[in-house]
Amino acid sequence: MAEIQLRNVSKRFGAIVAVDDLSLDVKDGEFVVILGPSGAGKTTTLRLIAGLEGPDAGDVLIDGEIATDVHPSERDVAFIFQQYSLYPHLSVFDNLAFPLRSPRRRTSESEVRACVQKVAAMLHMETKLANMATHLSGGEMQRVAIGRALVREPRAFLMDEPLSSLDAKLREELRIELKRLHRQIGATIVYVTHDQVEATTLADRIGILEHGRLVQIGTPREVYGDPECLSAARRLGSPPINLLPPAFFEASSLPDDASVVAIRPEDIVLEAADRPSALELKVLEYSPLRHLLILDRNGTPVVATTSMERNFSPGQTVGISLPARSLLYFRADGRRIRT
Ligand SMILES: Nc1ncnc2c1ncn2[C@@H]1O[C@H](COP(=O)(O)OP(=O)(O)OP(=O)(O)O)[C@@H](O)[C@H]1O
């Protein structure tokens, strides 16, 4: 497996800066997820690593060597797309065998058989090898697409929203499979998504991409608990982090240049209804693990979650306190103010 580095890489399409001075180090065997909204430059970043796009500035390094001028077919990285891209007229076996049978590989048929069997076992597809590729469920097709990359034993895997066309249950199953596979083969993976659950469950580290810039990279815990900027704070968390105006607080308790005060819903402490701080409960959602309360003070919504065994009903008042240690302060330009 391989290390991948981007050094100050930029890519423009006409007036659009798709990737803007991006530097990223993916360690050997690491699972890095690039998380960002539509148009943030995620796919372009993967295409730059694969060599399908050339950077306007900066370099891509694979295993410490500048790959910028290396042809995509020579980079030995496998790209897995959202669409399954299988050969519909071939069986699962022949789809998996296809990369091994290329003339450049000169793999013997007995080796091809052994390798296909091994990968099919890893993906729990042994019983489907004779099926035509079109006679599979969406989840099975994506397994075969992943298998086709695995048989090549590439130096790294680049995955572009590989689960996004699957339904919720299959997505969860395949997510767990991917995590297991990563542990089993120790692959270097750069994985792109706009789904925060995929990002936090799969990643060793998450890189938050906004407008072509990497605004933060860290473990899921670091990015969630210690965001560098407002956009990183908003990217993780469901329900999302509360963003409150300074007017919500005593002015003397805030840093001078705070323009937004943020607090995670689970950090809000619920108190008795007769507290002066009590807010009106507008909406209540119950799930077996927690209550979700949407409260209101003069038109400002405040979302709190709690696993407390207490009965709430809409229209009542609920006291809250916002512990100072849980408050995050941000400037008007979105930068974090550390106190
Ligand atoms: N070949 C191209 N020609 C012109 N503009 C492009 C091209 N490829 C990407 N772009 C633009 O570059 C920006 C980044 O696109 P990119 O596909 O990398 O974003 P993304 O984060 O992967 O988005 P999505 O989640 O919607 O796939 C977008 O504004 C997009 O319209």
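Numbering of ligands and ligand atoms starts at 1, following listing order.
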> So is there a nitrogen or oxygen of A40 less than 3.5 Å from a nitrogen or oxygen in ligand 1?
Replying inline: yes
>> List the residues meeting ring-ring contact (aromatic ring centres under 6.0 Å, His included) with F79, not counting sequence neighbours, and say none if there are none.
In response: F81
> For ligand 1, is P37 a contact, meaning one of its heavy atoms is under 4.0 Å away?
Replying inline: yes
>> Distance to the ring centre below 6.0 angstrom and angle to the axis at most 45 degrees; does that hold for R297 and F248?
In response: yes
>> Under 4.0 Å and counting heavy atoms only, is there anything from the protein next to atom 6 (C) of ligand 1?
In response: yes
> Can you tell me which residue and heavy atom of the protein come closest to atom 26 (O) of ligand 1, and the distance to 0.1 Å?
Replying inline: S38 OG, 2.6 Å
>> Here's a test for you: under side-chain hydrogen bond (donor to acceptor under 3.5 Å, both in side chains), which of E210, H194, Q196 qualifies with R235?
In response: E210
> Hey, is atom 16 (P) of ligand 1 under 4.0 Å from any protein heavy atom?
Replying inline: yes
>> Are V26 and E3 packed together at the side-chain level, in the sense that at least one heavy-atom pair is separated by less than 4.5 angstrom?
In response: no
> Okay, side chain of Q316, backbone of S313: is any donor-acceptor separation there less than 3.5 Å?
Replying inline: yes
> Relative to the heavy atoms of E161, which atoms of ligand 1 are at a distance of less than 4.0 Å?
Replying inline: 25 (O)
> Nearest to atom 4 (C) of ligand 1, what protein heavy atom do you find, and at what distance?
Replying inline: F13 CB, 3.3 Å
> What protein heavy atom sits nearest atom 31 (O) of ligand 1, and how far away is it?
Replying inline: I16 CD1, 4.5 Å
> Are V223 and I263 linked, directly or through other ILVMFWY residues, by side chains that come within less than 4.5 angstrom of each other?
Replying inline: no
> Among protein heavy atoms, which lies nearest atom 12 (O) of ligand 1, and at what distance?
Replying inline: A18 CB, 3.4 Å
> N/O of E53 under 3.5 Å from N/O of ligand 1, yes or no?
Replying inline: no
> Any sub-3.5 Å donor-acceptor pair from K27's side-chain atoms to I4's backbone N or O?
Replying inline: no
>> side-chain hydrogen bond (donor to acceptor under 3.5 Å, both in side chains), that's the test. Do E111 and S108 meet it? Break it down for me.
In response: CA-CA 5 Å; E111 282 174 284; S108 73; 3.0 Å; yes
>> Is the ring pair F31/H182 parallel, tilted or perpendicular, if the boundaries are 30 and 60 degrees?
In response: perpendicular
> Identify the closest protein heavy atom to atom 14 (C) of ligand 1: which residue and atom is it, and at what distance?
Replying inline: G39 O, 3.5 Å
> Of the listed options (H194, K11, K42, R12), which comes nearest to atom 25 (O) of ligand 1 when hydrogens are ignored and any heavy atom counts?
Replying inline: K42
> When only distance counts, is G41 in polar contact with ligand 1, meaning an N/O pair under 3.5 Å?
Replying inline: yes
> With respect to atom 27 (O) of ligand 1, which of T44, T43, V17, V192 exhibits the smallest heavy-atom separation?
Replying inline: T43
